[in-house]
Enquirer: 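I am attaching a structure below and will ask some questions about it afterwards.
Throughout, protein chains are lettered first and strands after them, A, B, ... in sequence-line order, and every chain is numbered starting at 1.
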Amino acid sequence: MNLHLPFLKHAATFARGIHPAPHKGTLDQPIKRMPFPRKLVLPLAQHIGKPALPLVGIGEEVARGQVIARAEGTLSSPIHAPADGVIEAITPMPVSRGQWSDAIVLRVYEASTQEVRCGQPQDVGAMDHAQLIAAIQEIGMVGLGGATFPSHAKLNVPADKQVHTLIVNGCECEPYLTCDYKLMREWPQELVAGIRIAMRASGATRAIIGIEDNKLDALDAIRPHLPADGSITMQAVATKYPQGAERMLIKSLLDLDLPPGALPSQLGLVMHNVGTLALLGRLLPAGQGLIERVVTLAGPGIKKPGDYWIPFGATLRSVLDWAGDPECRERQVILGGPMMGQGAFSLDIPVTKGTSGILVFDKRMLEPITQQSWACIHCAACVNACPMGLNPSQLGMLSAKLEFDEMSEQFHLGDCFECGCCSYVCPSHIPLVQQFRAAKAFLRERKPV
Amino acid sequence: MSEHRTGIPPADITGSGRLVATLGLVTMICGALIVAVWQWTLPAIAANKKVVLERGVKALVPDAARIVEYDAAADGIRPAQGDPAAGAVRFYATYDGEGRLLAIAAEGAARGYADVVRVLYGYRPACECIFGIRVVQMKETPGIGDKIITDAAFVANFDGLDVSLAPDMKSLSNEVKTVKHGSKKFGWEIDAITGATITSKAVGRGINDSVQMLLPRLRPNLEELKREKGSGK
Amino acid sequence: MTASTKQITNMEQLLEGIWKQNPVFVMTLGMCPTLAVTVSGFNALGMGVATAFVLVCSAGLISLLRNFIPKEVRIATYIVIIATFVTLVDYIIQAVSLALYDALGAFIQLIVVNCIILGRAEAHAAKNPPLPAVLNAFGMGIGFTIGLLALGCVREILGAGKLFGVSLFGASFQPWVVMVLPPGGFFVLGGWLLLFAWWAKRKESNHG
Amino acid sequence: MSMELRASPHLHSGRDVPTIMRHVVYALLPICAFSVWQYGLSAIALIATVTLSCLAAERIANRMSGTVNTLSDWSATITGILLALTLPPAFPLWMGAVAGFAAVWLGKSLFGGLGHNPFNPALVGRAFVQAAFPTAITTWAPAFAPQRFTEFIPSTLTLPFCVPNDISAWVTANMVDGFTGATPLARWKFEHFVYPVEDMITGAASASSGETSALLLLVCGLYLIARRFMDWRIPVAVVGSAMIMALGFQMYDADAFPPMHLALLSGGLMLGALFMATDMATSPVTPMGVWVYGAIIGVVTILIRYFGGLTEGVMYAILFGNAAAPLIDKYLQPKVFGARRK
Amino acid sequence: MDESLGQIFVITLLSSNFVLAMFLGLCPFLGVSGKLETAVPMGIATSFVMLVASLCAYGLNWLLGYFELEFLRLISYIVVIASTVQLVEMAMKRFSPALFRALGIYLPLITTNCAVLGVALFQTARGYDFGQSVAFSLGGGAGFTLALVLMAGVRERLKLSDIPGAMQGTALSLMLAGLLSLAFMGFGGIGVSR
C-alpha cells in the first residue's frame with residue numbers, strides 16, 4: 001500500500017490506546033438504502049445547544065426536505081422533514097441516554113416517491129463569510145461523528161482566534177463502524193467540496209485528511225479530486241483506538257499536544273468528521289437540508305449487515321424489523337460504536353443526526369464481563385491504555401469509595417473523555433469508565449450548590 | 001469516662017508564690033523519696049552486682065577465691081571505686097586462697113547483628129593469652145547468633161588465644177582477628193561461625209578493642225597485682 | 001459506660017481498668033513497653049508489676065495532694081511525681097533482680113512516658129479521694145499486667161518453647177524465633193486484637 | 001425479546017484475572033519441573049505441601065470472612081508455588097506449611113484478599129519463616145543427589161513442631177562433587193569464592209529450590225512478557241539497577257566486592273525480579289513509578305548483599321519496594337496528555 | 001565501643017529502626033500514620049524534638065555527672081526536655097510563624113513520646129559522646145520518619161481496599177507494622193563494621 005502512496009510517512013500515532021478487533025465485516029459492500037418506515041420520530045434536540053422550535057402543527061402535511069423546526073439562536077440547528085407525510089403529534093418521546101424529549105412524530109405517506117423537492121441549488125462561491133455560515137446553519141448540518149455540535153458554530157471561528165488548518169477526521173476507530181469509510185470511498189468529490197467549504201468558512205489555508213492505515217484504499221478514491229495547489233493533503237495514521245478522538249488525531253497528524261481543557265482553535269486548528277464534510281459538500285450547493293445519514297448496521301443480531309442511508313426519525317424497532325435477526329432474542333442494541341456508543345433502553349428510540357451505527361449484540365456475548373468482577377489487582381493495564389495519561393486504577397478505587405472530589409482535584413477526572421479503553425482492558429472487569437461517568441455526573445449536579 | 005466532679009480545686013487564679021511553693025514542696029517530697037530509696041537500695045544493688053560479677057568471673061576462673069576490681073587508666077591502675085572514669089578500663093583480678101594472682105578478667109563489647117555483644121574474657125598473664133570467654137549480654141538471633149555460646153568449635157578458639165604484646169609494649173604484636181570459617185592459621189585468629197559471621201566478628205572485635213586498651217596499661221604494673229593487696233600477705 | 005450514674009462502686013473502679021478500659025487491648029495505650037519487653041512471661045510480669053506500682057503510688061500521692069495543687073502547675077507536678085516513682089522502681093528492680101533490670105533496660109525508665117499516656121488515671125486521681133483513685137489505678141495496673149502477660153506468654157511459648165523459663169515441650173521443639181523478634185511482637189498483639197474483634201463481632205451477630 | 005441498558009464500552013479484551021494468574025502458573029511449571037529433577041522427592045513434596053497449605057489457608061479465610069470462594073482465581077496457587085520455589089529444597093514440610101499459612105493470612109487475607117495486599121504474599125511467607133526458623137532456611141541440600149528419586153532428604157519429613165532432622169549424614173552418603181552447603185553468594189561473602197557461571201545457569205549451585213537456573217527463569221519470564229502477562233519494565237529496572245550497582249562496586253574494588261555476574265545470576269535475583277517484583281497487586285501502576293520501583297529493589301538488593309548481614313537480599317528489597325510502592329504511585333502520577341510538567 | 005557517626009546513623013535508621021525494631025514512638029506511629037499529609041510534618045517535627053532532647057540530655061548528663069546527682073537523671077530529663085520543647089515552640093512562633101504553622105500543632109503531642117525520652121535514655125545508657133549522640137538522634141528521627149511515611153503510604157492505599165470489618169483499626173495497623181518490621185529485618189547487619 002505504501003508503495004503507491006509515497007507521500008505517506010510511516011503511520012503516525014499517539015501514546016497508549018488499545019487495539020480491539022476491528023470487526024469491520026461490512027467494508028466491501030456499497031451503501032444501500034433502507035426503505036422508509038411508516039412512522040418517524042424527530043426529536044427537537046438532535047444537536048448540542050438549544051432545541052429547535054417546531055414550525056408545523058399537528059395534522060399538517062409536510063414535504064420531504066421541508067423545514068419543520070427552526071433553529072433557536074446561534075447555537076441551534078433546524079430540522080427538516082425526512083419524508084413526505086403528515087404530522088401526527090408533537091410530544092415527549094424516548095431518545096437515547098435514557099431521556100425523554102419533545103419530538104415531532106411524522107406519519108410517512110407510503111405511496112410517496114419521496115423525492116426531495118424542497119431547496120434551491122445555490123452558488124456557494126458567491127457567498128460572503130456570514131452568508132456561508134448562515135447557509136450551513138440553514139441546512140441543519142451538525143457534527144455527524146456523534147458529537148452533534150452545530151457545524152456552522154464550529155466553523156465560525158471567533159474573531160480573536162486564527163485557524164490555519166482544517167483536520168478532516170477519517171479515522172473511524174470504533175470497531176464495527178464503516179459509514180465514514182464508505183462515504184470517503186463513494187462520495188469523494190462531495191467530500192472534497194465539503195472540505196473546501198469548511199476551509200473557506202473557517203479561514204483555514206490547508207486541510208489534512210487523517211485516515212487509519214487499514215483503510216487506505218479510501219485515499220485512492222479521494223486523490224483524483226484533490227486540488228492541484230496541494231492545500232489538501234492526506235496522511236495515514238496507525239490503526240488504533242481511539243485514533244479518531246480530537247486530541248489523539250491532532251497528536252498523530254501534527255505531533256501537537258492540546259493542553260487539557262483547551263479547544264483545537266487554540267492551536268489554530270478546527271476538526272471535522274469526513275461524514276459531516278461529505279454531506280456538507282453534497283447538500284450545501286444543492287441547498288438541501290440534512291434529512292438522512294449513513295448508518296452502519298452490524299453485529300451478530302443483524303441479518304443484513306451493511307451501511308444504509310436511513311432517514312432521521314426511523315425508530316430502532318423499524319430498523320430492526322427490517323434488518324434484525326429474529327433468531328436473536330436476548331439482544332443488546334447499541335447506538336454508535338461499541339466503545340463509546342450507548343446501550344439503547346428502548347426500541348422506540350429514533351435514529352438521529354448523531355447515530356453513526358446500530359449494533360445488535362447477543363446478550364450472552366456481553367454477559368461474561370458483568371457476571372464476575374474482581375478487586376483491582378493494580379495490573380496497570382488501564383494506565384497503559386488510557387490515551388489521556390490518567391490513572392484509571394486509582395480513579396476506580398476512589399470512585400468505589402465515593403471520593404469524587406479527590407478524583408477530580410488530584411487525579412484529573414475532568415480530563416477523561418470516556419473513550420472506554422480502561423474498562424476494555426480491565427482484567428478485573430471493573431466498570432471503570434462507567435463509574436467515572438457517574439462521578440462526573442455527580443460533580444456536575446452538585447456544582448451549582 | 002467517669003467524670004467525678006467532687007474534688008476539683010477552686011478554679012480561681014492562683015498567685016505565683018503559691019505555684020512556686022507547691023512545686024517546691026512536691027519536688028522536695030519527691031527528692032526526699034528518691035534519696036531515701038536510693039540509700040535504702042544501694043547496698044542491695046551493690047550486692048546484686050557483685051553476685052552477678054562473681055558468678056561470671058567464677059565461671060571463667062573456677063578456682064578464684066577472691067575477686068578484686070581495678071581500673072586501668074592511662075596513668076596506671078588503681079582499685080575500682082564507683083563507675084569507671086572515662087577512658088579507664090575496668091578489670092577483675094582473681095586470686096586463689098593464698099592470695100596469688102590466678103588470672104585477669106575484663107569485658108569487651110562490640111555491635112553484633114542486632115545489638116551490642118558483651119563478653120567477659122579471661123586473661124592469663126603467664127601465657128599472655130586468653131583462656132576463655134563468657135557472653136555477658138547479647139540479643140542476637142536465637143539459633144544463629146547464640147552459636148557463639150553453643151558452638152564448641154567456636155568456643156575452643158578462645159582456649160589460648162594469643163594476645164602477646166609487641167616489644168614496645170604499646171599494642172598487641174598481632175591484632176586479634178576473626179577470620180572466615182575454616183581458615184584460622186595463627187594463634188591470634190578466631191575461626192568464625194558460618195552463618196553467624198557478624199556475631200563472631202563482634203566477639204573478636206570486642207575482645208581486641210578491650211585488650212588493646214587494657215594490656216599496655218596492665219603489663220607494666222603486673223608485679224603490683226601478683227599478690228593480693230587486701231589480704232596483706 | 002457508667003458516667004451518668006451517680007456513684008460507681010469501688011469494685012467497679014477496680015474492674016474498669018482490668019476489663020472495660022484495658023489499657024493494652026481496649027485502649028491500646030503504652031504500646032512501646034508492651035511490645036518491647038514481652039519476649040518472656042517473666043519480663044512481662046516484671047514490667048506489669050513495675051508499671052502497676054508506679055500507677056498506684058502516683059495516683060495515691062496525686063489524690064492526696066489534689067486539693068493543694070493549683071491547676072496551673074498540675075501537669076508539671078504530675079510529671080515530677082510519676083518520674084519520682086519510676087526512679088524508685090528503677091532502683092528497686094536493680095535491688096531485686098539485675099537480670100530483670102538488664103532485660104527491661106531503658107524501658108523501665110520509659111514507664112514515665114507510658115504512665116503519662118495512661119494519664120487518664122492521673123486525671124482520675126486528681127478528682128477523686130485516695131481510695132477510689134488507688135483502686136482505679138490498681139485496676140489499670142492489673143489490666144496492663146494481664147495484657148503484657150498475654151503477650152509475653154504467647155511469645156515465650158512459641159518463641160522459645162518455654163513458659164516462665166520452664167521448658168514445655170522438650171528439646172526437640174523447634175522454637176519460632178520470629179516471635180521473640182520485633183515483628184513477632186507486632187504480630188502477637190495484632191493477633192490478640194483481631195481475636196477480640198472477631199469475638200466481639202461474633203457475639204454481636206449472635207445477639208442481633 | 002428483552003432489553004437491557006448497558007453503559008459503554010460494550011467490548012472487552014477478554015482477559016480476566018484468572019487468565020493472567022493461570023498463565024503465571026504455566027510459566028512456573030517448568031521451573032517446578034526443573035526443581036523436581038534436581039532435588040527429587042523432597043522438591044515434589046515441598047511444592048505440593050506449600051501450595052496445598054496456601055489453598056487451605058485461602059479457603060479458611062474465605063469461610064471466616066464469609067466471602068466468595070477465591071480459590072478459582074489461581075492467585076493462592078501462584079503464592080504457593082512461588083513460595084515453595086524460594087525455600088531450600090530440604091526445608092521441613094511442616095515449616096513449609098507454616099510458611100504457606102503465614103503467606104496467605106498475613107500477606108493477603110488480612111487485607112481483604114487479592115488486590116488489596118500491600119506486600120507480596122509469597123515473600124511475606126518466606127520472610128516469616130526466615131525470621132522464625134533461621135537455621136532451617138539456610139540449610140542447603142545438594143542438587144542431583146543420586147538417591148533423590150528414591151528417598152526423601154531426611155529433614156523434609158521432620159515431625160511437626162520439631163527441630164529438623166540432621167541431614168549431614170545424608171549429604172555425606174549422597175555426596176556430590178563440590179557441594180559445600182553454601183550458596184554462591186554465601187561462598188563469596190565468607191570465602192571469596194567465585195562460582196562458575198555455567199553452574200549458576202544450569203542449576204548445579206546450591207540454592208533455594210527454584211532459583212538455581214537463571215537461564216530457565218529467564219525463559220519462563222520471557223514467555224510471560226511475550227504474552228503481555230507481565231510488565232517487562234520491572235525486571236529490566238531491577239536487574240539493570242542491580243547490574244549498574246554491582247558493576248560500579250566491582251570497578252571500585254574488585255577484591256572487596258564480587259564480580260557482577262555473581263550478583264546477577266545467583267540467589268533469587270532472577271526469580272525475584274521476574275516473578276515477585278512484578279506481582280501486580282504490590283507494584284506501582286504509573287509508568288515512571290515502575291522504573292523507580294524496580295531501581296529501588298535493585299539498589300537495595302545489592303546494598304543488603306554487600307553491606308548487610310545477610311547473603312541474600314532480594315526478598316527484603318522487594319518487600320521494601322512493596323512498602324514504598326504506594327508512595328511511588330502517589331508522587332509519580334502519570335503525566336496527563338498535553339499537560340506540562342510542573 | 002568506637003562506632004563511627006555514619007555507622008550509628010545508618011544502624012538507627014535501618015536495622016535498629018526506632019519504631020520497627022525498638023518499639024519507640026509507637027503511639028504517634030499508629031496514630032498519625034493514616035495520612036501522608038500529617039505523617040510527613042509529624043516525622044519532621046519528631047526528628048527535630050529528638051535532636052533537641054538528645055542535646056539536652058547530653059548537657060544534663062554531663063551536669064548531673066559533675067554534681068554526682070545521677071539519681072535525678074530521669075526527673076531532670078523529662079522536665080528539661082519538656083520545657084525546652086516548649087521554649088523552642090515559643091521561639092518558633094515568634095521568629096518563624098510559617099514553620100510553626102507547619103509543625104506547631106504536633107510539638108506538644110511529641111514532648112511526652114517514647115521516642116523522645118528514649119533517645120535521651122539510650123544514648124546515656126550507651127555512653128555516646130556528643131557527636132555520637134547527635135548522629136544517634138538524627139538517625140532515630142530519620143528512621144522514625146521513614147517508617148511513618150512508608151506506613152502512611154500503605155495505609156492510604158488500604159483505605160481504598162475492602163478490608164474485612166473485624167480487621168480494621170489498630171489490629172491491622174499493628175499487623176502492617178509487623179510486616180514492615182519483617183521487611184526491615186533485611187537490613188540487619190548493615191552498618192556493622194566487619
Side-chain angles (χ1 to χ4, degrees), chain B residues 1-53 55-56 114-116 118 136-146, chain C residues 1-5 7-8 12-13 16 21 39 57 61-63 65-74 76-78 80-85 87-99 101-103 120 123-129 132-133 136 159-160 174-175 177 180-182:
Chain B
M1 219 150 283
S2 43
E3 297 283 327
H4 293 276
R5 307 214 162 260
T6 45
I8 297 175
D12 48 355
I13 305 298
T14 324
S16 58
R18 168 107 195 273
L19 298 185
V20 174
T22 318
L23 272 180
L25 180 73
V26 170
T27 318
M28 269 174 60
I29 298 175
C30 293
L33 262 172
I34 292 180
V35 172
V37 174
W38 185 54
Q39 295 285 0
W40 175 53
T41 52
L42 206 53
I45 294 174
N48 260 338
K49 282 189 174 160
K50 205 168 167 61
V51 168
V52 169
L53 173 72
R55 201 181 296 148
D115 205 342
V116 176
R118 285 165 55 204
V136 178
Q137 186 198 17
M138 76 156 198
K139 290 182 181 146
E140 306 296 277
T141 319
I144 290 191
D146 56 12
Chain C
M1 232 159 273
T2 46
S4 53
T5 58
Q7 194 72 48
I8 24 179
E12 280 166 345
Q13 289 280 16
E16 182 96 332
Q21 302 274 314
V39 289
C57 292
L61 189 58
I62 289 170
S63 177
L65 294 176
R66 71 188 189 281
N67 291 330
F68 303 103
I69 304 172
K71 69 172 190 308
E72 289 86 348
V73 292
R74 199 187 294 158
T77 323
Y78 295 170
V80 169
I81 290 176
I82 295 168
T84 303
F85 284 108
T87 313
L88 299 192
V89 155
D90 189 81
Y91 285 120
I92 293 171
I93 292 181
Q94 281 190 63
V96 172
S97 160
L98 269 186
Y101 183 76
D102 282 340
R120 59 163 300 282
H124 185 268
K127 295 167 197 157
N128 280 294
N136 184 286
Q174 166 72 47
V177 179
V180 295
L181 297 177

Enquirer: Using non-hydrogen atoms only, which part of B/Ile34 is less than 4.5 Å away from chain C: side chain, backbone, both, or neither?
Expert: both
Enquirer: What part of C/Ser97 lies closer than 4.5 angstrom to a heavy atom of chain B: side chain, backbone, both or neither?
Expert: backbone
Enquirer: As an exercise: rank B/Thr27, B/Leu42, B/Leu33, B/Val51 by heavy-atom pairs under 4.5 Å with chain C and give me the winner.
Expert: B/Leu33
Enquirer: Measuring from atom CD1 of C/Ile81 to atom CD1 of B/Ile29, what distance do you get when rounded to the nearest 0.5 angstrom?
Expert: 7.5 Å
Enquirer: C/Phe85 versus chain B, heavy atoms under 4.5 Å apart: side chain, backbone, both or neither?
Expert: side chain
Enquirer: Which atoms of C/Ile93 come close to chain B, meaning under 4.5 Å heavy atom to heavy atom: side chain ones, backbone ones, both, or neither?
Expert: neither
Enquirer: For C/Ala95, is there any backbone N or O sitting under 3.5 Å from a side-chain donor or acceptor partner on B/Asn48?
Expert: yes
Enquirer: Check whether C/Val180 gets within reach of chain B through its side chain, its backbone, both or neither, counting any heavy atom under 4.5 Å.
Expert: side chain
Enquirer: Is chain B contacted by the side chain of C/Val177, its backbone, both, or neither, given a heavy-atom distance below 4.5 Å?
Expert: side chain
Enquirer: Checking side chain to side chain contact (heavy atoms under 4.5 Å, CB included) against B/Val37, which of C/Thr84, C/Leu88, C/Thr87 comes through?
Expert: C/Leu88
Enquirer: If every non-hydrogen atom of C/Tyr91 is compared with every non-hydrogen atom of B/Ile45, which pair is closest and at what distance?
Expert: O-CD1, 3.6 Å
Enquirer: Does the side chain of C/Leu98 come within less than 4.5 Å of B/Lys49's, by heavy atoms?
Expert: yes
